[in-house]
2 protein chains.
Amino acid sequence: MSNDPIARYRRFSRAVTKEVGALDQSFLGRGRPLGTARVLNAIGHGKTEVSVLRDYLGLDSGLLSRLLRGLETEGLVTTSAHPEDARARVARLTEAGEAEFQAYEALSNDRATRALARHPHPEALLAAMDLVASALGRDSIEIVEADPRDPASRLCLEAYYAELAARFDTGFDVSLSRDPEATDMILPRGSFLLAMSDGMAIGCVGLKGSGGPVAEIKRLWISPSARGLGLSKRLMTEIEARARALEITTLRLDTNSKLPEAVALYRNTGWSEIDRFNDDPYPDHFFEKNISS
Amino acid sequence: MSNDPIARYRRFSRAVTKEVGALDQSFLGRGRPLGTARVLNAIGHGKTEVSVLRDYLGLDSGLLSRLLRGLETEGLVTTSAHPEDARARVARLTEAGEAEFQAYEALSNDRATRALARHPHPEALLAAMDLVASALGRDSIEIVEADPRDPASRLCLEAYYAELAARFDTGFDVSLSRDPEATDMILPRGSFLLAMSDGMAIGCVGLKGSGGPVAEIKRLWISPSARGLGLSKRLMTEIEARARALEITTLRLDTNSKLPEAVALYRNTGWSEIDRFNDDPYPDHFFEKNISS
DNA sequence: ATGGGTATCTGACATTGGTCAGGTAACGGT
DNA sequence: ACCGTTACCTGACCAATGTCAGATACCCAT
């Protein structure tokens, strides 16, 4: 409907403010102020170093210190010196702390489950939420190295295969394709990168090395919810840097005209089209880029 | 991507929590605590009665009272007795208050504008936001009577026409159709209802009366972002009640097989198919329902 | 006109959240 | 060994928020 975009954005904003407020309220039900509960949850989610906690929660050093001590006297948390820097401290949940944390998790999960169950098309709602989350969180999307056999990587790769299957008239069967060995895409031969948005993998790219100066780019994929945010360019820039660090001078890749965004990206970022260099049945475009300069 | 739905929901939740927090921070920039700013904004948005304010903001009576007095001594608000109940009070913005309110509005609008401008497909982002907002706000969707010539009504009707144009192979030209006179869809002859979600019209339905016992249902439409929430049933139930109140005993409507959801709805809610009762070129299904019982 | 109920205000407090200026211990380079 | 720096803790303090028990004025039904 052709309503004012700003009005629509703000209606969204009000709706989620309410939702967020309700979740906070439900957290209060465990007899602990919100700040304390947030610290407990952050620790539970793996933010163990105090400096990381401070940063993540945006808290003053003094305040966080007091909240931590509160949790310690409650018996939910223990702190100890950081093994590599005795000035810094790390916080850990005790058994009781873990139980409390799980109770908060259950509250969150319940809310999520119920909200999704109430909707007639949960998948559509989730797709919309993914889109919004990627858009709002675009500044905090990080590129990290991963093993292509990790669960997060596998999710990306499977989504990638599924998308190829949908886009190619012939479908796509990865076993017919030149599927690289995972070990070719990890150090010391190659690399595999994930774009992580708040713990969720939303894109990937692989560098398949051979030990020599020529390597191949494989498996560039961005989640539909995160397209247009410039992520593929970021991933490619980063993987090129990794390739240079491995003393690779020439990169190649193959792709398909059914993926016009990809073809356009390569054309616009210094790749030149070359002759077919393999007998993989799927690709119909082949590119090369010299990165030795 | 086939991630855990709960994880996806919670990633969304974290992303918007951050966004909401950032907006709150920006409100703080005007040298007024958040609670006070919220009260000012609520008044600006038409929540004038103190009881409504309390309810809307979820504040304790004492706290709200103090915040209001603060705004009064700042010269931004005046309160006076409610004209119909001198126990209650209504708050109004002074000229200075209106200016402050507009400053907060500008902050909100700026944020919205910038967030949208940063996205490559603002319309896609907005569609996702509409979907989420309708889903999260479904409990607060209200059915209200409106004039079909009001701007909010016109937005719905135009969206309805646009959708018919897209769905019918022949397109849709409202001037070729039996477009009811607006006055046939307001009291005392008929009625026109809007489904309002937080100030935005997301659905409509019309009752075209003739003064006699037979009337027609027209213009049933639900925004794509709000489909599946049971809104059309709510609108139909409500408009039937209005028809009964007008001593109408028989309702008729025409529709098109290109709108299968609508046809299914009528079949499932007590309508029986009848012969063509008009020469409108677009419809190919005709229904009738006796509501005198 | 009377009494029970309602809407808001007031004052007294308690809790929470946030800030700041030292203080202590450890680090890292010289 | 020393010194500037870093990470965290402590204590003091203040503003904001939340809670509660009357007080006041008004409403409405009888």
Side-chain angles (χ1 to χ4, degrees), chain A residues 17 20-22 24-43 47-74 76-92, chain B residues 17 20-43 47-74 76-92 104:
Chain A
T17 300
V20 165
D24 285 355
Q25 277 309 103
S26 81
F27 273 13
L28 249 37
R30 297 199 65 77
R32 205 168 281 112
L34 213 52
T36 316
R38 264 201 259 271
V39 173
L40 183 68
N41 278 289
I43 298 172
K47 310 271 186 280
T48 55
E49 285 148 62
V50 172
S51 61
V52 173
L53 272 175
R54 211 171 33 226
D55 206 48
Y56 179 71
L57 298 169
L59 291 176
D60 171 84
S61 142
L63 180 50
L64 176 57
S65 199
R66 246 173 307 144
L67 294 177
L68 276 174
R69 227 165 339 113
L71 286 167
E72 264 184 318
T73 61
E74 265 197 276
L76 303 177
V77 158
T78 56
T79 63
S80 51
H82 191 290
E84 280 158 30
D85 182 345
R87 291 170 301 181
R89 299 187 73 77
V90 290
R92 259 174 242 296
Chain B
T17 300
V20 165
L23 182 59
D24 285 355
Q25 278 308 104
S26 81
F27 274 12
L28 248 38
R30 297 199 64 76
R32 204 169 280 111
L34 213 54
T36 316
R38 264 202 258 272
V39 173
L40 184 67
N41 278 290
I43 298 172
K47 309 271 187 279
T48 55
E49 284 147 64
V50 171
S51 61
V52 173
L53 272 175
R54 210 171 34 228
D55 206 46
Y56 179 71
L57 297 169
L59 291 176
D60 172 83
S61 142
L63 180 51
L64 175 58
S65 197
R66 247 173 307 142
L67 295 177
L68 276 175
R69 227 167 340 112
L71 286 167
E72 263 183 319
T73 60
E74 265 197 278
L76 303 176
V77 158
T78 55
T79 64
S80 51
H82 190 291
E84 280 158 30
D85 181 345
R87 291 170 302 181
R89 299 188 72 78
V90 291
R92 259 173 244 295
Y104 282 108

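Hydrogens, waters and symmetry mates play no part in the numbers below; they use all other heavy atoms, side chains included. Every chain is numbered from 1 and lettered A, B, ... according to where its sequence line falls, protein lines coming before strand lines. In this text the structure is predicted, and so the values were computed from the model without any measurement.
With N41(B) contributing its side chain and A37(B) its backbone, the two residues share a donor-acceptor pair below 3.5 Å.
For the pair R89(A) and dA7(D), the criterion of a side-chain N or O lying under 4.0 Å from OP1 or OP2 is not met.
The distance between atom CG of L63(A) and atom C1' of dC8(D), rounded to the nearest whole Å, is 14 Å. dA21(C) atom C1' lies 14 Å from atom CZ of R66(A), rounded to whole Å. One atom, CG of D85(B), and another, C1' of dT6(C), lie 8 Å apart when rounded to the nearest Å. Rounded to a whole Å, the CG atom of L34(A) is 13 Å from the C1' atom of dT15(C). Remark: C1' of dC9(D) and CD of E72(A) are 11 Å apart, rounded to the nearest angstrom. Atom pair L64(A):CG and dG17(C):C1' shows a separation of 13 Å (rounding to whole Å applied). Put simply, CG on D55(A) is 15 Å from C1' on dC8(D), counting in whole angstrom units. Distance CZ (R69(B)) to C1' (dA16(D)): 15 Å, rounded to an integer number of Å.
Contacts of S51(A) with the nucleic acid, taken as non-hydrogen atoms under 4.0 Å apart, involve only primed sugar atoms and P, OP1 or OP2. Among the atoms of the strands shown, base atoms are found under 4.0 Å from some heavy atom of D60(B).
Salt-bridge check for E49(B) with R89(B): failed, with every basic side-chain N at 4.0 Å or more from each acidic carboxylate O.
When each of R69(B), R92(B), E72(B) is checked for a side chain to side chain donor-acceptor pair (under 3.5 Å) with T79(B), only E72(B) meets the rule.
Each of R87(A) and L67(A) lies near DNA chain C, and the nucleotide nearest L67(A) is the one positioned closer to the 5' end. For S61(A) and E84(A), each mapped to the nucleotide of DNA chain C holding its nearest heavy atom, the one lying further toward the 5' end belongs to S61(A).
The shortest distance between side-chain heavy atoms of L59(B) and V39(B) falls below 4.5 Å.
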